[in-house]
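Down below is the structure, laid out as structure tokens.
The figures here come from the full heavy-atom set of this structure, side chains too, leaving out hydrogens, waters and symmetry mates. Because the structure is a prediction, the values reported are computed rather than measured. Note that ligands are numbered from 1 as they come in the structure, with each ligand's atoms numbered from 1 the same way. Numbering of residues begins at 1 and proceeds along the displayed sequence.
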Amino acid sequence: MKALVYQGPGRKALEDRPKPKITAPTDAIVRMTKTTICGTDLHILKGDVPTCEPGRILGHEGVGVIDEVGPAVTAFKAGDHVLISCVSSCGKCEYCRRQMYSHCTAGGWILGNKIDGTQAEFVRTPFADTSLYPVPKGADEEALVMLSDILPTGFECGVLNGRVQPGSTVAIVGAGPIGLAALLTAQFYSPGVIIMIDLDDNRLAVAKRFGATATINSADGKAVAAVMKLTHKTGVDTAIEAVGIPATFEMCQQIIAPGGTIANIGVHGKKADLHLEQLWDRNISITTRLVDTATIPMLFKTVAAKKIDPVQLITHHFALDDIVAAYDTFADAAKTKALKVIITA
Ligand SMILES: NC(=O)c1ccc[n+]([C@@H]2O[C@H](COP(=O)([O-])OP(=O)(O)OC[C@H]3O[C@@H](n4cnc5c(N)ncnc54)[C@H](O)[C@@H]3O)[C@@H](O)[C@H]2O)c1
Ligand SMILES: [Zn+2]
Ligand SMILES: [Zn+2]
């Protein structure tokens, strides 16, 4: 089969690989139909993710059809149309019983990281019963690819952890696919104000179309003053960090209102300062989270009911044969205006 293989920092290629086999009774083999590329795959290619070793097939998102199941799989059978969660969960360990699937002692984020992933013609998915979801009849496959990772991430780590409320004020720093997923799902709660902050005017224009009430390009270094002006000098009730660098986490600390919540989504590789000398008396909360994908079933319903339309996040299409070009397009988003790219296997 064809598969996109990480060959070490800065190197990747479409290779011929053997079709995966069932290795545990709880496994399924899924024939991929649609997959995509995540910002995290770009982090891997930079060498930022040491758990992902050269030789690994990348990808942790996608939809497909079950080819074969192990003898212990009871919820699915060959021919079933399924969505693959980016997080594998055994369903039995203490963390899984608390719906903290991302910390599953036997699974977690392993696909396309510690085990071979979804950017291939076939993938072996461990713990199939508790890590796959049935695709409803008539559902749009490409829309559902957005439910493997980015929509649950924006919703769980940003909106739920950030306690977005009806009428409240929200700022989302970073208008990449994750920040935009937070923007779409924040609107379930009808906040009064949603301010999107980014350096890329194209992404800010997309945010406006997706329902942002105001956008700020922070390139001039004056974003904090602009947020204060928009919120009558109080700041925001929820500040969602969706970039993953010290400057944006510190910006969240400068714009948070008394009683507010800073919800960090970004993956941070460097230490960021915490200004307790300014925040100690402000009754704020700071949350962090690795996406659990526990909300996938709920998000399915919101898509079916047309409360959100994830297809809006898709900007480009490629065949698996052209996945290297898909990576180039995705990595050069400022020029190509890429958000999510769909790869058809
Ligand atoms: N917590 C989790 O479970 C989880 C899951 C998935 C992704 N992530 C992380 O979420 C973050 C966002 O992911 P993404 O795929 O949207 O990334 P992305 O790189 O596509 O988007 C980041 C956005 O931030 C903007 N930006 C960069 N520097 C900025 C600055 N100084 N001020 C304002 N905006 C700035 C960029 O223009 C870009 O639009 C990443 O750090 C990613 O690794 C976390
Ligand atoms: Zn991802
Ligand atoms: Zn578990």
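Counting only N and O atoms by type, the side chains of H81 and E141 include a donor and acceptor under 3.5 Å apart. At a cut-off of 3.5 Å, with distance as the only test, a side-chain donor of D201 or N217 sits close to an acceptor on the other residue.
Smallest separation of non-hydrogen atoms from Q253 and D273: NE2-O, 2.8 Å. For the residue pair F188 and K307, the shortest heavy atom distance occurs at CE2-CB, 4.3 Å.
Atom 31 (N) of ligand 1 has its nearest heavy-atom neighbour, among V49, I245, L339, in I245. Between I178, I37, T40, it is I178 that holds the heavy atom closest to atom 13 (O) of ligand 1. With atom 29 (C) of ligand 1 as the reference point, the heavy atom nearest to it among I265, T293, L199 is part of L199. Here atom 42 (C) of ligand 1 lies nearest to V267 when heavy atoms of L290, V267, V206 are compared.
Residue A247 has no N or O atom closer than 3.5 Å to an N or O atom of ligand 1. Where the criterion is an N or O separation shorter than 3.5 Å, residue side chain and backbone included, D200 fails it with respect to ligand 1. Residue D149 has no nitrogen or oxygen atom sitting less than 3.5 Å from a nitrogen or oxygen atom of ligand 1, judged on distance alone. Here's the thing with V291: one of its N/O atoms is less than 3.5 angstrom from an N/O atom of ligand 1. The shortest N or O to N or O distance between P177 and ligand 1 is under 3.5 Å. When only interatomic distances are considered, the shortest N/O to N/O separation between V173 and ligand 1 does not fall below 3.5 Å. The N/O atoms of C38, backbone and side chain alike, include none that comes under 3.5 Å of an N/O atom in ligand 1.
Salt bridge annotation for D27-R124: present, with a cationic side-chain nitrogen under 4.0 angstrom from a carboxylate oxygen.
Because the distance cut-off is set at 2.8 Å, H103 fails to qualify as a neighbour of the Zn ion (ligand 3), as none of its N, O or S atoms comes that close. At a threshold of 2.8 Å, the Zn ion (ligand 2) has a backbone or side-chain N, O or S atom of D149 nearer than that distance.
At a 4.0 Å heavy-atom cut-off, ligand 1 touches T153 through the side chain alone.
Exactly one of T36, D41, T35 qualifies for a side chain to side chain donor-acceptor pair (under 3.5 Å) with Q119. That residue is D41.
Annotation: cation-pi geometry not satisfied between K12 and Y6 (NZ/CZ under 6.0 angstrom from ring centroid, within 45° of ring axis).
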